[in-house]
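So the structure is just underneath, and the comments pick up after that.
Just so it is clear, the structure is predicted and the values come from calculations on it, not from any experiment. Labels below follow one simple rule: chain letters A, B, ... track the order of the sequence lines, proteins then strands, and each chain is numbered from 1.
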Amino acid sequence: MKLGFSRADELFRAECADWLNGQMAGEFRDIKGITKLTASPERRKEWEQQLAAHKWSCIGWPEEWGGRNASLAHQVIFAEEYARAGVPGRVNHIGIELAGPTILAFGTDAQKQRFLPDIAAGKTIFCQGFSEPGAGSDLASVRTKARLEVVSGQEEWIVNGQKIWTSLAHISDWIFVVSRSEEGSKGPKGLTFLMMEIDQPGIEIRGITQINGDAEFNETFFTDARCPADSLIGAPGEGWKIAMGLLAFERGVSTLGQQMGFRNELDEIIAAAKANGAASDPLIRQRIAKAEIGLNLMRYGALRMLSQTDHSKIDGAALTYKIQWASWRRALGELAMDVLGQAGEVADGAEYEWDTLPNLFLYSRADTIYGGTNQIQRNLIAERGLGMPREPRGDV
Amino acid sequence: MKLGFSRADELFRAECADWLNGQMAGEFRDIKGITKLTASPERRKEWEQQLAAHKWSCIGWPEEWGGRNASLAHQVIFAEEYARAGVPGRVNHIGIELAGPTILAFGTDAQKQRFLPDIAAGKTIFCQGFSEPGAGSDLASVRTKARLEVVSGQEEWIVNGQKIWTSLAHISDWIFVVSRSEEGSKGPKGLTFLMMEIDQPGIEIRGITQINGDAEFNETFFTDARCPADSLIGAPGEGWKIAMGLLAFERGVSTLGQQMGFRNELDEIIAAAKANGAASDPLIRQRIAKAEIGLNLMRYGALRMLSQTDHSKIDGAALTYKIQWASWRRALGELAMDVLGQAGEVADGAEYEWDTLPNLFLYSRADTIYGGTNQIQRNLIAERGLGMPREPRGDV
Amino acid sequence: MEFAFTDEQAMIAETARAFFTENATSERTRKAMAADGIDHALWTAFCQELGLSGIGIPENAGGAGLGLVELAIIAEAAGAQVAALPMLGSLAMAAQAIAAGGSAEQQAEWLPRLLSGEVIAGYVHDAALTADGNALTGADQFVAHGAAAQVFVVTSNTGAWIIPADAAGVTVTACTTMDQTRPYARVALSGAAAAPLADAASAIAAAHRAGFVTVAAEALGGAQAALDRTVGYAKERVQFGRVIGSFQAYKHRLADMMIEIEQARSAVYWAACAVDEGSDEAELAVHSAKSFAADTYFMCAGNMIQLHGGIGFTWEHDAHLYFKRARALQSMLGSGNWHRERIASMILGDAA
Amino acid sequence: MEFAFTDEQAMIAETARAFFTENATSERTRKAMAADGIDHALWTAFCQELGLSGIGIPENAGGAGLGLVELAIIAEAAGAQVAALPMLGSLAMAAQAIAAGGSAEQQAEWLPRLLSGEVIAGYVHDAALTADGNALTGADQFVAHGAAAQVFVVTSNTGAWIIPADAAGVTVTACTTMDQTRPYARVALSGAAAAPLADAASAIAAAHRAGFVTVAAEALGGAQAALDRTVGYAKERVQFGRVIGSFQAYKHRLADMMIEIEQARSAVYWAACAVDEGSDEAELAVHSAKSFAADTYFMCAGNMIQLHGGIGFTWEHDAHLYFKRARALQSMLGSGNWHRERIASMILGDAA
């Protein structure tokens, strides 16, 4: 057990920090500090292409696909320095963290050739099509249908249905879609995992405005939407397995970058408390200390996950991580507002647009819902982690 | 809506206070301030007989059975003054608050004659036999069996089985027992409600030591225990109905007396905080304020229950009352210990016996369990109060 | 001693509930949110047609008599719909201040117009206000519906005045506010000449007590509505082949809401009753009610979002109206911690 | 950077777990509770047969080397059984103080006897201690296993000494203590002549850091055991025709325990590692670990009682051993609030 980084690691950290800070002070200074996912998408795509040009786009990937095959320590360091430098989150997060690794793990060589270089280069932005309006938490209740047809002599998948909560679909190029390809199948059986180009007549995207006034999420409608037969990952009917594999990638190194974003939020709260005198309130002091403790425990929990040698086994730290950070962040949003007082409820301009902390307060209410509600997380922990009986599925 | 008491009510309050304070300063000064249920049972029986001699034993009962037919306001006042004067709780609580009202509501005239005067007079102490080892929260899973036999030409009930958590059984004269009288019946059907004299060869009582070192509860074993046929309340098979009726009496005026006990506990915490400086800690101040608020809201919640004109309907205040006070008191126990600091973990003498506040801390862990755990209470609230589907019973 | 509504109170509750349920619809509220945060037609109808706007104002001051219990009943009903109305500032605070502390002339001048809804008043409080004679200098950053008010009752810790919004030296700046049903305005006074209320102490006390109780009652109504709407959703929404209300964890969350709400209900009517009866407990009760009910509302509105899942997080669903109102009620007129510290001072003496 | 046990650490963990599970049985612990709160045979076996008592003490001082990570591993295993042992006072605090701040002679005189279990030491702290030369006057009301100690390490905020329990001027009074597995004694010093440790500052720092980490590790072990035993019960106990672990509310309560425990695990080993590596984060980490792990334990032990129902509230069941130990760990060596206030001071500066 060892927490410290080696001298070589620290040199790598300095290299990362130098380059990132240089970029944020130079050509890309206009996007420094952006926290809202929907802000400046075009400039951010350019930024992600710049990352790729300097081989910083996906350092954990194999070198042949644009990565550096970086060690865990280096991935940790890069993620931390990325956030510390105030660089905005990746608009192609889904492509780099989920779609790419899924294609690496389950794709054909042709698919790897077709997608990985463009994802790595920031040229293909992916979004994900899992949830459906009737099945928010119940991922297996997929109703979107896919069927294979011969069109002009070519086999094509024809997709009909609706996805929801497709984050950033409106600025994405591709979407991966879990759909039901076996007529009459139920639950996790008979599902298929497809990659579809968004810019086609059969796909329509409508933004969903959230309670913070922003519109990160979308409804995505499929009406005889099409993709070639070779857009299929795995075999028809293997969609559930692929999707579950993909979700496991969510517990990767990117969590550390996410945490650095949290660090920035907490630091902003601390600065606000010092500025307005809330820092002398013993109740606020306790809550800030708790937030500080919680953030560190997330960090060390993530390092425990990442230090696991046997990655096939999801251990306690990994099982509990989602609810841990979501609950922590929701409490952070409430702390932020209590530090700000009524001033936090008033925006600067005439638009219904919020600064980091009030926005955190509003947005964090979604953290405990998307990606599996806190209730679903507790089920998973009790059932997979502690061997309790599963919640019975009904037949309504 | 009116909270104030009338001038006549206030006179009655003075009368109660005078008499009770006089007793606690005089003949019964040795029992003043006792909070532990098991302490000085013989003297407390004498005290309850004294109450009866002055017609204070059950003022809400009809006059013909030893009561005063007192108004709600007077019952409230007496309960409050009783506790305010530092009078110990009633060892015959079960008799006065549960068994008596049950006999009044469901008993025959002969049963009323047989039991009510002696209960009122403090001569017959009752305890209750509901829970069983295999059925703590699941009251309907009764396995104790009763059968009617003719013995020496007389019909008698013969009871076999085991009850648990029979509070104060070791100092009681009678026990009411819910048992299964219909062979093969399940759940709430086929149960029978009997009153049995404890001093007989077929009944054995073993104390259960609790985590505070005290032994208020017991296991009660029935081995061919007997009672005459006319010990039955209601008809055979009606036991569930009678038991549920009885439990409804628990939400009576005695809650206000209970609350005055809580008031004394909170006052003791406040005094300790002032004495040891904890009162200047802003975190302790918040918790004491919350406790004060909660106590008042219990009081006004109870008054709402009691002011209901339609008592057949259990409204929100009544449904939520048990979990409210149990949770409040558990938090109070933790507050007490945090006010006392480590000193609260050390007892005065060589025995493992605790002062009011540490004892509150330990004992209050049972409050959220007995009489329906907090989990059961939430089920009831959601199902009966909010119309949610019932938890399905299994067949294990 | 009878802690239940009288028949008359039950009737007022029924009338108010029916009125707001029918008229304070989500659609109308959202229109008001996009403008100045007031559904003016609703306010006029409430004041002039329903005839409940004078409640809590003595009859000799032009009101309908009755007391805070009845005012709480109305605020509860309005809160249940997150109605976009200036009830808090104009009726519960400004009108109460004038009724309690204004001269007969001041009452005659202002109360009929406030109760008819013809004029909307805002309540401005600045503990650090300086008064040079009756020329006031100071500011309140968070005047509820302040940009829609034509007149302000202004208080410091010791003085109380009335001043028209268009008087010289008064600057009103509307603010984009999280709860768009009750936008704040910044009201700055710069040597503004105001008319003093005859009895400032009574005016301040009345406004604050009525304000605390009204906020608490609104919170109670909002919390109950958050529970009711979630219960409705729980019975309809199916996940994993079951209505979600059949999941025990979901049920228990609903139960926890009900447990808090029932206590909040006791708190609100205890406080209203205690003030109406001049009870010794009135101060304890109003601080209890404001802090407890607002916290209950926030908990329930947060649960409303959580228990609706993704849809509860959309602008389109009403959950965010409740959530934002709940947050506003927590932070306005003193935070929960502030109110609890007041109670601690009563019990424990001032903090060291 | 590798935040996982090494093979050697995993082996120590396995050895310690097996040892305490087999030997620190409920029956033996209860016998110790009825006496002086120490299972002496177990302590001797631990010190002399298991060979782990020297962990965390440098080899040149007669210890086994290794560090706080390994000490935490052992404390976690002992805590899981609520073992009645003087590990905290004698090893984690007194021996650490002597190893860090004692002269070579002092180390040679005391450490072998402490590590062999031949002598039990207690740790006495009194911030207000007065020292007239090396004649000490002061008291500590809550010396863990103090009545069983033959020697005390005594510290003030600036000084550190060793004094035998039977020295003149030392009065030891055993106290009936809620956690009978670790009874307190009052140790009063009245001009008692003590031997100063050579480097008091190092002694105090080492004792406190090791004390915080050991308490945290014990709490982690206890919390995990509370969860494990409750999980076992959940799979067996039937109510309403179902194993109670099939009730979602029950499951979620277990999940909440696991969520906290996993964080406590990170906290304990972060703190132990940070101290061992001399990290800048060491202070932050030890305060985090002590406060977080103790709170976690208390929550889990409380749930253990609740989720066992009535049986969990009996003397006969072990739940109360966990519960009382958890409470003791919360209040000893500084409350959670105190530790968090230390962290707040690091982040925000001292309170106004």
Side-chain angles (χ1 to χ4, degrees), chain B residues 131 133-141 164-165 186-187 208-215 217 281-284 330 334 337-338 340-354 358 361-363 365-370 373-376 378-379 382 390-396, chain D residues 33-34 140-142 144 173-180 182-186 236-244 246-250 252-253 298 301-302 304-317 319-321 323-324 327-328 330-333 335-338 340-341 351:
Chain B
S131 288
S137 292
D138 181 9
L139 279 189
S141 281
I164 196 167
W165 315 122
K186 277 199 169 173
I208 301 173
T209 304
Q210 302 139 214
I211 68 175
N212 59 351
D214 195 12
F217 296 108
D281 175 348
L283 290 116
I284 292 291
R330 190 170 66 189
E334 296 177 8
M337 292 301 278
D338 287 345
L340 295 174
Q342 280 182 288
E345 295 169 49
V346 169
D348 286 337
E351 295 302 307
Y352 199 82
E353 270 188 6
W354 296 97
F361 169 67
L362 293 171
Y363 190 89
R365 305 311 296 201
D367 290 333
T368 55
I369 294 171
Y370 69 72
T373 65
N374 278 9
Q375 287 68 41
I376 296 290
R378 289 194 184 90
N379 280 353
R390 294 189 63 155
E391 280 303 300
R393 178 173 274 277
D395 50 12
V396 178
Chain D
M33 284 161 56
D140 183 338
Q141 311 285 337
F142 309 108
T173 316
C175 303
T176 302
T177 304
M178 196 172 275
D179 174 7
Q180 296 175 294
R182 186 174 282 154
Y184 291 125
R186 179 173 197 276
E236 283 172 13
R237 171 78 170 172
V238 171
Q239 291 275 278
F240 305 101
R242 300 162 53 179
V243 295
I244 51 175
S246 72
F247 286 95
Q248 197 189 25
Y250 201 106
H252 282 199
R253 201 66 95 88
F298 186 75
M304 183 185 192
I305 293 178
Q306 183 69 25
L307 297 178
H308 277 76
I311 192 76
F313 181 64
T314 62
W315 191 268
E316 182 189 359
H317 195 276
H320 71 110
L321 306 188
F323 182 71
K324 291 165 182 173
R327 169 62 202 169
Q330 272 193 314
S331 60
M332 66 167 48
L333 303 186
S335 71
N337 286 348
W338 181 82
R340 285 185 290 269
E341 175 55 37

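- For the atom pair B:D281 CG and D:E341 CD, the distance stands at 10.0 Å (nearest 0.5 Å).
- The contact between B:I376 and chain D is made entirely by side chain atoms (from C-beta outward), counting heavy-atom distances below 4.5 Å.
- A side-chain donor-acceptor contact under 3.5 Å links D:R242 to the backbone of B:P392.
- Considering only heavy-atom pairs separated by less than 4.5 Å from chain D, the leading option among B:I164, B:L283, B:L362 is B:L362.
- Checked against ring pair (Phe, Tyr, Trp, His ring centres under 6.0 Å), D:Y250 has no partners two or more places apart in sequence or in another chain.
- The two residues D:F142 and B:A343 make their nearest non-hydrogen contact at CZ-N, 3.5 Å.
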Practice task
For D:F240 and B:E391, run side chain to side chain contact (heavy atoms under 4.5 Å, CB included): C-alpha distance rounded to whole Å, both residues' side-chain angles, the deciding distance at 0.1 Å, then the answer.
Solution key: CA-CA 9 Å; D:F240 305 101; B:E391 280 303 300; over 6 Å; no
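- Under the 30°/60° scheme for interplanar angles, the aromatic rings of D:W315 and B:Y352 are found to stand perpendicular.
- Annotation: maximal heavy-atom pairing with chain B below 4.5 Å, among D:A249, D:A328, D:S246, occurs at D:A328.
- Of the atoms belonging to B:N374, heavy atoms from both backbone and side chain fall under 4.5 Å from chain D.
- Both the backbone and the side chain of D:T177 come within contact range of chain B, each with at least one heavy atom under 4.5 Å from a heavy atom of that chain.
- Neither the backbone nor the side chain of B:A215 has a heavy atom closer than 4.5 Å to any heavy atom of chain D.
- For the options D:I244, D:I305, D:L321, D:D179, heavy-atom pairs under 4.5 Å to chain B are most numerous at D:I305.
- Of all heavy-atom pairs between D:M178 and B:P358, the closest is CE-CB, 3.8 Å.
- The main-chain N or O of B:G349 is found under 3.5 Å from a side-chain atom of D:T176 such that the two form a donor-acceptor pair.
- Looking at D:Y184, only its side chain comes within 4.5 Å of chain B, counting heavy atoms on both sides.
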Handout entry: side chain to side chain contact (heavy atoms under 4.5 Å, CB included) assessment of D:Q330 paired with B:E334
Key = CA-CA 11 Å; D:Q330 272 193 314; B:E334 296 177 8; over 6 Å; no
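- Aromatic ring orientation, B:F361 versus D:F323: parallel (interplanar angle below 30°, classes split at 30° and 60°).
- Contact count against chain D (heavy-atom pairs under 4.5 Å) is highest for B:W354 among B:W354, B:Y363, B:Y370.
- When each of D:K324, D:R182, D:R327 is checked for a salt bridge (Lys or Arg N to Asp or Glu O under 4.0 Å) with B:E345, only D:R327 meets the rule.
- For the atom pair CD1 (B:I208) and NE2 (D:H317), the distance works out to 13.5 Å, reported to the nearest 0.5 Å.
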Handout entry: D:Q306/B:Q375 under side chain to side chain contact (heavy atoms under 4.5 Å, CB included): CA gap, chis, key distance, verdict
Key = CA-CA 9 Å; D:Q306 183 69 25; B:Q375 287 68 41; 3.0 Å; yes
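- When the candidates B:T368, B:T373, B:D395, B:D338 are compared by the number of heavy-atom contacts under 4.5 Å with chain D, B:T368 comes out ahead.
- The line from CD1 of B:I369 to CD1 of D:I311 is 10.5 Å long, rounded to the nearest 0.5 Å.
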